[in-house]
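Presented below is the structure to which this report refers.
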Amino acid sequence: MPTITLPNGDKKNFEKPVSAAELAASIGSGLAKAAIGAKVDFGDGQGPQLRDLGALIDRDATVAIITAPKPGQAASADALYLMRHSAAHVMAEAIQDVVGKDVMLAYGPPTDTGFFYDMFVPAGKKLSTDHFAAIDKRMSEIIAENRPFVRYEVAPGEGMQKLKAEGNKYKVDNAERALGLPSTVYHGKKAAFAGVDSASTGGQAASGTGARLSFYATGSPGKNWEDLCRGPHVPSTGRIGAAKVMSLASSYWHGDETSDRLIRVYGTAFATQADLDEFLKQKEEAAKRDHRVIGRHLRLFHIDEDVGQGLILWTPKGSIVRKELQAFIAAELKKQGYTEVFTPHIGRLDLYKTSGHFPYYKDSQFAPIIEREALEQLSKEGCSCAEMMARVEGVSQRLAEGLNHRTGLTVITPDRVMADDKLIEGFMLKPMNCPHHAKIFASSPHSYRDMPVRLAEFGTVYRWEQSGELNGLTRVRGFTQDDAHLFCTEEQVPAEIQGCLSLVKTIFATLGMKEYRVRVGLRDPDSAKYTGAKEGWDKAEAACIEAARSLGVPFSQEPGEAAFYGPKIDFVVKDVIGREWQLGTVQVDYIMGNRFDLSYTGPDNKPHRPVVIHRAPFGSMERFCGVLIEHFAGAFPTWLSPEQVRVLPISDKSNEYAEKVAAALRAADVRVSSDLSNDRVQAKIKVAADEKVPYMAVVGPRDAEQGMVSVRARGVEKDLGAMKLEAFVEAVKAEIASKRAELGVRP
RNA sequence: GCCGCUGUAGCUCAGUGGUAGAGCGCACCCUUGGUAAGGGUGAGGUCACGGGUUCAAAUCCCGUCAGCGGCUCCA
């Protein structure tokens with residue numbers, strides 16, 4: 001007979017199996033009323049599992065009752081999960097009511113901010129945003145009807161028969177996978193939905209370990225709407241606080257682009273209408289911060305279709321932001337003993353055949369640049385495209401032998417080896433800076449006493465991102481990494497990783513990015529794809545974990561996420577409105593030394609392979625600036641602002657004094673302009689505020705007489721008072737030098 | 001790359017087959033105003049590009065390019 005342990009440690013004994021609802025009632029009527037589900041841990045190693053309130057607890061377990069939040073309280077993640085999972089059913093029913101019963105449902109899980117449901121809309125039918133009002137209305141009705149979610153289970157055979165009779169192959173597929181059967185309807189390249197939650201609607205339709213199929217009816221089975229689903233759900237539709245259909249997108253069945261195209265309908269649900277409204281408001285706020293919108297408004301950058309997709313033109317104002325940021329990072333690097341290098345934007349194909357980038361990653365690179373004479377010769381010879389590709393990708397005997405020997409692997413297969421006169425020479429826009437840096441390291445001899453060698457470059461690289469992926473500054477085809485390669489001895493790896501992290505810490509702290517986390521990518525113990533000695537890996541992984549731990553921010557260890565050549569640390573920052581952005585990485589590399597035959601002389605007077613650490617902690621200047629634009633909503637701290645002070649004469653009688661004020665600021669290296677338009681000062685203030693200028697110095701005859709300026713600071717909607725010009729200049733100068741994130745200059 | 005939506009003045013957008021529109025911005029004039037938009041006049045468009053249907057196309061159809069929302073991808 002079950003003994004149930006509650007979250008507070010209390011134990012309750014029952015004579016017979018009880019439902020979670022009965023358990024809640026036995027604790028208190030208030031709890032029973034608020035309960036919408038339960039989290040049950042049978043101690044069977046599966047951990048706590050979310051269950052229906054009606055789920056029977058027939059053996060010893062630890063149980064937490066999931067409740068709808070009390071007024072004013074935030075809903076728990078579990079409560080939202082139950083509501084959203086349930087809202088997905090409500091939305092699906094509403095869509096079938098509005099668009100047609102022949103809309104075939106595929107797959108509908110909760111997500112971080114709501115839920116979606118993938119569905120197939122038959123030819124001739126249409127589902128568009130025009131239907132949203134009707135769908136929302138129908139959803140509200142279903143929620144108001146407060147119909148119970150009723151679970152029932154059937155034997156596999158019976159269930160499959162039922163689904164097949166309904167003619168929905170997607171549900172048949174879900175059921176087959178839930179039962180662990182080979183799929184009879186899906187023959188695509190993916191065996192399962194990768195990376196989605198296993199407790200999804202239809203995604204896992206089996207109940208527990210028993211091979212039965214479960215269905216949920218929204219009301220009475222056989223009478224009301226129902227769906228193959230593993231659950232769990234809230235007890236009834238009325239327990240979904242507020243739900244809304246959000247947007248349409250397309251998706252593929254099983255995320256497989258060669259398979260059926262489905263329509264993905266996004267929706268969201270919250271415990272209360274107020275929470276939903278708050279969420280919608282936040283979304284609006286996020287849209288206002290969009291760096292593409294702000295970037296255009298403040299003229300920070302421009303993308304021109306005549307130049308090309310994903311290629312950023314930094315306008316004068318944006319260039320200032322980027323340059324200041326780069327100078328800041330560069331100064332920190334100098335403190336850490338980095339040395340700066342410059343390398344060109346292209347390199348010979350052989351360089352990338354040596355590094356392994358070409359042709360292995362050719363799909364994400366710009367096409368090779370082939371010399372004109374070679375192209376003309378080939379075309380004269382009537383060379384086919386396929387042959388040309390093979391000859392571009394071919395490798396000389398010498399290079400192949402050297403590479404295979406140094407790496408101890410067959411990195412160049414015999415079919416790629418080609419006679420020298422068959423090879424086509426060419427260049428490539430560089431997709432990474434490391435080959436160039438490796439060559440700089442190799443260009444001079446190194447003693448273990450000189451290690452580590454830290455080569456830093458704001459290096460511009462080019463990658464052929466798919467056109468649909470391009471997005472403002474955050475996903476582009478040409479970008480400048482805050483790149484560096486640390487060539488070090490094995491013993492130096494931990495300290496160097498630490499150094500990278502402390503740099504990140506300093507810079508995030510200065511920019512006021514308080515919330516960030518790191519992901520440590522480790523090798524998958526079951527995979528053989530990794531290269532390098534196990535011992536080195538173990539040490540490097542330990543060093544990464546230790547370094548991450550020492551940061552004092554949340555970090556996760558993610559087995560299987562390592563690069564094939566070494567473990568890595570990724571940085572994810574959270575901006576002021578809670579969105580996460582993946583920035584840069586630190587990666588340990590045991591391969592590059594071999595490929596480029598790098599060495600240093602050890603204390604034993606013998607050559608040793610250096611370990612290489614690749615690090616670009618902010619990823620790219622483009623993405624980082626994009627994130628910063630959104631983080632600050634365009635209102636940069638003074639030291640980063642393209643324009644730091646604007647002088648506003650109240651009439652043209654004060655223009656001369658305004659110019660004098662501006663000159664004094666300019667002489668102190670402050671970025672300043674004066675607004676000599678014939679607008680009234682109110683209008684000038686409005687414009688300067690719109691353009692997010694940190695400080696306004698309003699000057700009239702009164703100020704001119706006494707050598708003063710009247711100060712306004714961004715975000716403060718009033719005149720702060722007057723101060724001596726010299727004092728103002730000094731204060732602004734000091735603020736810039738301090739890189740303070742807040743505006744602190746006051747009279 | 002794939003699916004859907006979109007493309008009209010520097011920006012934001014109206015205009016559904018019959019002479020191209022607004023607000024902001026810009027230029028000039030008046031106004032000389034002390035803290036979040038003073039007034040007037042004016043310039044500015046091959047309606048993304050190419051083709052088609054039509055007496056007539058910004059508008060309808062096809063294609064291309066680009067942007068947006070997703071999917072897939074991301075060394």
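Residue numbers start from 1 in every chain, and the chains themselves are labelled A, B, ... in the order their sequence lines are given, proteins ahead of strands.
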Requested in this report: Classify the nucleic acid contact of A/D363 as base, sugar-phosphate or nothing, counting any heavy atom under 4.0 Å across all strands shown.
Outcome: nothing
Query - Earlier contact from the 5' end, RNA chain B, for A/D719 and A/R299 - result: A/R299
Query - Rounded interatomic separation in angstrom, taking NE2 from A/H131 and P from B/rG4 - result: 16 Å
Requested in this report: Scan A/S467 against the nucleic acid and name what it touches under 4.0 Å (heavy atoms): base, sugar-phosphate only, or nothing.
Outcome: base
Query raised in the report: Would A/R84 count as a cation-pi partner of A/F115, with NZ or CZ less than 6.0 Å from the six-membered ring centre and within 45° of the ring normal?
Result: no
**Report entry** Same-atom distance (C1') from B/rC28 to B/rA20, integer angstrom
**Finding:** 25 Å
Query raised in the report: Are A/Q466 and B/rC73 close enough that a side-chain N or O sits under 4.0 Å from OP1 or OP2?
Result: no
Query raised in the report: Using atom P of each nucleotide, how far apart are B/rG7 and B/rA14 to the nearest Å?
Result: 8 Å
**Report entry** P atoms of B/rC47 and B/rG4, separation to the nearest Å
**Finding:** 27 Å
Query raised in the report: Is any NZ, NE, NH1 or NH2 atom of the basic residue among A/K686 and A/D690 found under 4.0 Å from an Asp or Glu carboxylate oxygen of the other?
Result: yes
**Report entry** Integer-rounded Å distance: B/rG70 P and A/M119 CE
**Finding:** 17 Å
Query raised in the report: Between A/L127 (CG) and B/rC3 (P), how many Å, whole number?
Result: 18 Å
Query raised in the report: Looking at A/Y266, does any N or O in its side chain come under 4.0 Å of the phosphate oxygens OP1/OP2 on B/rC71?
Result: yes
Query - Phosphate OP1/OP2 of B/rA36 contacted by A/R712 side-chain N/O (<4.0 Å) - result: yes
Query raised in the report: Can a side chain N or O of A/R292 be found less than 4.0 Å away from OP1 or OP2 on B/rG69?
Result: yes
Query - side-chain contact (heavy atoms from CB on, under 4.5 Å) partner of A/R463, the single match among A/M432, A/Q365, A/R475, A/R477 - result: A/M432
Query raised in the report: Taking CZ from A/R680 and C1' from B/rC30, how many angstroms apart are they, rounded to a whole number?
Result: 15 Å
Query raised in the report: To the nearest angstrom, how far is A/E691 atom CD from B/rG25 atom C1'?
Result: 11 Å
Report task. Would you indicate, yes or no, if B/rC28 has its OP1 or OP2 atom less than 4.0 angstrom from a side-chain nitrogen or oxygen of A/N678? Result -> no
